[in-house]
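In what follows, a structure is listed as structure tokens, so that the remarks can point back to it.
In what follows, chains are A, B, ... by sequence order, proteins preceding strands, each numbered from 1.
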Amino acid sequence: MTSPNRPRSFQDIILRLQNYWAAQGCAVLQPYDMEVGAGTFHPATTLRALGGRSWAAAYVQPSRRPTDGRYGENPNRLQHYYQYQVIIKPSPANLQDLYLGSLRAIGLDPLVHDVRFVEDDWESPTLGAWGLGWEVWCDGMEVSQFTYFQQVGGHDCRPVSGELTYGLERLAMYVLGVEHVMDMPFNDPDAPIPLTYGDVFRQTEREYSRWNFDVADTDTLFQHFKDAEAECARILAADPVDAAGRTIPMAHPAYDQAIKASHIFNLLDARGVISVTERQAYIGRVRALAKACADLFVTTEAAQA
Amino acid sequence: MPDLLIELFSEEIPARMQARAREDLRKLVTDGLVEAGLTYASAGAFSTPRRLTLAVEGLTAHSPTTREERKGPRLDAPEAALEGFLRSAGLTRDQLTARDDKKGQVWFATVEKPGRPASEIVAEVLDAAIRNFPWPKSMRWGAGSLRWVRPLHSIICLLSDEAGATVVPLTVEGIAAGNSTRGHRFLSPDAFTVSGFDDYAAKLRRAHVILDSAEREETIRQGAENLAFARGWQIVPDDALLAEVAGLVEWPVPLMGVIEERFLDLPPEVLQTSMKEHQKFFSARNPRTGRIEGFVTVANIETPDDGATILAGNQRVLAARLSDAAFFWQNDLREAKAGMQAWAEGLKSVTFHNKLGSQADRIERIAALAREIAPLVGADADQAERAAKLAKLDLRSAMVGEFPELQGTMGRYYALAAGEDEAVADAARDHYSPLGPSDAVPTTPVSVAVALADKIDTLTGFWAIDEKPTGSKDPFALRRAALGVIRLILGSDVRMRLETTSKLPLIRNLAAAVKESMLDQFAQTLNTTRNASRDSNLTEAEQKLLLSLFDAHTFGENFDPEATAENIAVGLDSKAADLLSFLHDRLKVYLRDQGIRHDIIDAVLAQPGNDDLVLVVNRATALNAMLQTDDGRNLTQGLKRAGNILAQAEEKDGVEYSFGADVKFAETDEERALFAALDTAEPAIRAAIKAEDFPAAMTAIAGLRAPTDAFFEAVQVNTDNQIVRRNRLNLLHRIRAAGQQIADFTKVEG
């Protein structure tokens with residue numbers, strides 16, 4: 001089934017998605033420069049889903065899930081991977097068609113494959129967010145998450161944002177017909193220096209798996225968690241009027257601390273030092289931060305229609 | 001008579017919600033139409049992943065004109081009153097007629113409400129139905145505020161008759177009703193118009209949409225069976241999966257695949273569950289090997305390559321899933337063969353309930369109780385304890401982590417791998433049973449012991465911390481656990497005094513609750529309540545257990561084990577009694593379904609030994625049988641009559657007539673006959689009750705019917721002769737007492 005339209009590498013698929021969504025009018029943003037568990041945490045999604053202002057963005061987000069580390073050995077699991085994220089507010093009436101267009105752009109023709117929208121309601125307890133939608137199946141494999149945001153940070157979304165999340169490695173492995181993620185061509189296999197995903201990430205997966213599971217200092221992490229929590233609260237409590245008399249509430253700097261706390265919690269979880277009961281409490285603490293940030297953001301300029 | 005066609009076309013509706021949504025749409029719309037005065041011949045609702053459809057046939061074109069007579073003011077009432085009436089009724093004076101009424105001449109008006117065209121009513125009813133649709137979960141989208149299960153795109157609302165079809169004018173949040181829809185998302189994406197239901201269904205079929213979910217189910221079922229038949233295989237029937245898959249496709253195309261050889265050694269339950277849960281595949285069994293060797297996936301599309309790409313993709317996904325499952329299975333087996341110590345250890349960190357400790361704590365309690373129950377069910381105590389300790393270890397296995405519904409099933413495999421006895425392994429699988437009223441009840445002794453211990457520990461645990469079911473709220477499924485206890489006991493004729501049996505587990509659970517509670521705070525409370533809690537009445541065994549469960553070292557200096565034990569002892573009896581009465585309530589529900597009235601059970605529950613459910617049910621069954629006979633019913637009347645006369649006399653005289661009836665004071669033959677009958681019946685009843693031969697006891701007491709009837713016929717109890725009267729009252733007492741040996745007949749109705 002080789003055709004000139006088929007992508008040949010991981011980066012080819014990313015570039016095609018970038019071009020496709022740029023052509024649909026999305027602002028193609030860059031990854032957020034902090035450790036996050038999913039593309040949703042990028043303030044371009046979490047915070048911009050709030051308030052009345054229209055918004056359309058697409059970006060790649062490197063994501064970290066320390067507990068999913070497998071030392072680079074598992075064909076599908078990684079502690080560091082990429083998500084492709086599209087967020088459009090208000091969700092356009094033809095969002096499903098736009099999405100299907102993106103599948104065609106990366107070589108998945110819905111007339112040859114079996115593309116299905118299967119109920120999957122999305123919820124992020126750490127962000128106090130939920131929405132309804134589907135996981136999109138292609139030939140029985142989940143290739144994307146498709147969500148209409150209903151609430152973020154405890155606030156009703158009005159208007160509603162449509163969010164698309166593609167798990168890039170899994171999607172690319174399927175499109176490229178690769179069995180093990182580390183064998184996937186990262187750049188063009190005919191390039192002068194062809195690189196596989198493994199060439200780029202096998203070593204880092206090993207190193208981070210070890211650090212995440214065995215080495216990360218838990219006392220330090222617990223302290224970092226407390227620090228981030230305290231700093232977040234301090235930023236939120238600060239007088240919105242600065243010394244020069246300018247009104248500058250600081251929703252984004254506060255939200256950075258919430259993201260930080262969330263990632264530290266994930267690291268602690270991977271170290272196995274958080275019990276089942278404590279887990280809920282920690283998630284609740286992060287959610288409280290995210291909610292407070294959302295409360296502040298909706299009062300700012302960027303949230304106004 | 002026009003027909004009505006409604007289609008609500010949306011993005012993909014969750015499969016599990018479709019059946020209910022069809023019914024809700026039919027009911028909301030037809031109820032609304034009828035309420036507005038229209039009638040219809042029939043209505044049918046349909047769904048596909050992208051549409052909800054309702055077809056109503058033979059709708060009346062108008063609602064009927066209604067006339068209502070309204071009474072106005074009297075003719076001599078002030079002008080203002082008349083004007084007010086005219087305004088409110090929307091009438092003029094020439095439409096009124098004067099008629100005689102009780103109080104003189106009064107104005108009457110006939111208000112006529114003209115009928116309304118069906119289209120007007122349909123528009124209102126559909127608008128309300130859409131806005132108030134009871135989706136389990138609904139959402140907003142875009143900038144709108146309408147809620148639907150997923151974004152709603154178009155509406156067909158069409159009335160059609162011989163003269164043609166007209167769109168009902170209706171706009172819901174910017175979506176104007178029309179007469180067009182779309183077919184299959186990929187195969188026939190273009191819009192087309194329809195002129196009525198038949199045209200709609202036919203055009204949909206041409207556009208690769210089978211409207212009726214029942215037809216889609218049949219297509220899938222037959223397609224899958226044909227594919228399996230061609231290989232000599234059989235599809236494992238699964239109606240729930242069939243309904244779900246039919247809700248995921250508009251144009252079902254079953255495709256058959258083969259499971260790779262390297263996965264065929266996985267337990268069939270694992271293959272089936274993995275394929276069903278993750279991929280929504282049907283399993284195909286090879287009857288020659290008895291193994292599940294193939295699958296059927298249902299695509300939503302016909303492709304130029306006859307599904308080859310789709311099948312290859314599904315096969316690939318399945319291989320990845322089954323590789324995970326095989327990995328779990330191999331790892332789990334290794335752990336099982338090593339004795340599952342790591343799993344037992346792991347359960348210490350899994351909370352069962354924050355007031356009742358960890359799963360490991362719970363397993364300890366269940367094991368101790370299983371050991372206590374074992375002799376009552378004919379199980380070996382060591383085996384029962386062993387089985388209880390192993391039964392839940394699979395909760396820590398990777399496989400059950402992935403597929404929680406395989407708990408128990410995997411436990412059996414792992415116990416066998418660990419070299420345990422069949423009986424112990426079976427208990428791991430069966431001890432969760434029975435889960436529902438129709439679920440099979442375990443009957444092998446070790447399984448019964450562990451299953452009973454599991455459920456009694458659950459019940460006593462939540463009773464210990466006062467988390468009982470209230471109204472419709474039963475978050476810990478305690479009613480189900482109670483029914484399980486009842487069915488297990490009755491299923492194996494387990495002679496168990498539940499009130500006694502529940503004391504030790506209650507103590508263990510109360511102790512767990514104490515351990516889990518805030519220790520300092522508790523110690524303080526203890527010191528203050530210490531003096532108040534002296535008068536407990538525990539058996540020696542109960543006291544010993546209680547004290548052994550506490551260790552001053554664990555609880556710090558302020559902890560006083562004796563005081564704690566006493567504190568727990570207080571209220572123990574009332575908790576046990578309360579739990580028993582909960583079980584009795586469930587027993588009543590259970591027996592009512594078996595055709596035994598609640599009053600019969602009440603009459604029996606008043607007898608001693610009512611915490612032995614086998615005894616209770618045997619009594620109730622025998623009493624029920626007796627009450628089906630003439631003798632039984634009449635005897636009940638006689639017993640009640642005797643009881644009433646006695647009660648009145650005892651209240652009047654302020655004494656109890658309970659002793660000393662003597663045949664020598666008998667004046668009539670009927671009295672003497674009753675004495676004789678009682679002399680025969682009493683020892684017979686006593687012996688029968690002692691032997692727990694309730695039918696014999698019933699026969700014996702039924703023999704009292706004729707002499708009792710004859711006695712009341714011929715004898716006046718309250719005569720002037722006090723000696724004779726007293727003697728007769730004492731005789732009545734003998735009748736009452738005979739009855740009381742069997743049941744409290746005052747509770748029997750009728």
Pick whichever of [options] has the most heavy-atom pairs under 4.5 Å with chain B.
options	value
A/Cys138, A/Gly131, A/Cys157	A/Cys157
A/Ala93, A/Ser161, A/Ser54, A/Gly177	A/Ala93
A/Gly162, A/Pro92, A/Pro159	A/Pro159

Handout entry: Ion pair B/Glu12/A/Arg116, N-O distance below 4.0 Å
Key = no
At what distance, to the nearest 0.5 angstrom, does [atom1] of [X] lie from [atom2] of [Y]?
X	Y	atom1	atom2	answer
A/His113	B/Asp305	NE2	CG	8.5 Å
A/Asp156	B/Ser145	CG	OG	12.0 Å
B/Asn314	A/Asp114	CG	CG	7.0 Å
B/Arg150	A/Glu119	CZ	CD	6.0 Å

Handout entry: Residue A/Glu142 versus chain B: region with a heavy atom under 4.5 Å
Key = neither
Fill in the blank from the handout: Applying a strict 4.5 Å limit to non-hydrogen atoms, the region of A/Tyr174 in contact with chain B is both
Handout entry: Step-by-step side-chain contact (heavy atoms from CB on, under 4.5 Å) determination, B/Met139 to A/Trp130
Key = CA-CA 11 Å; B/Met139 54 166 273; A/Trp130 67 277; 6.0 Å; no
[Y] and [X], any side-chain heavy atoms less than 4.5 Å apart:
X	Y	value
A/Leu100	B/Phe186	yes
B/Val317	A/Asp139	no
B/Ile310	A/Val112	no

Handout entry: chain A interface, residue from B/Gln279, B/Arg140, B/Glu302 that has the most non-hydrogen pairs under 4.5 Å
Key = B/Arg140
Handout entry: Part of B/Ala308 within contact of chain A (heavy atom distance under 4.5 Å)
Key = neither
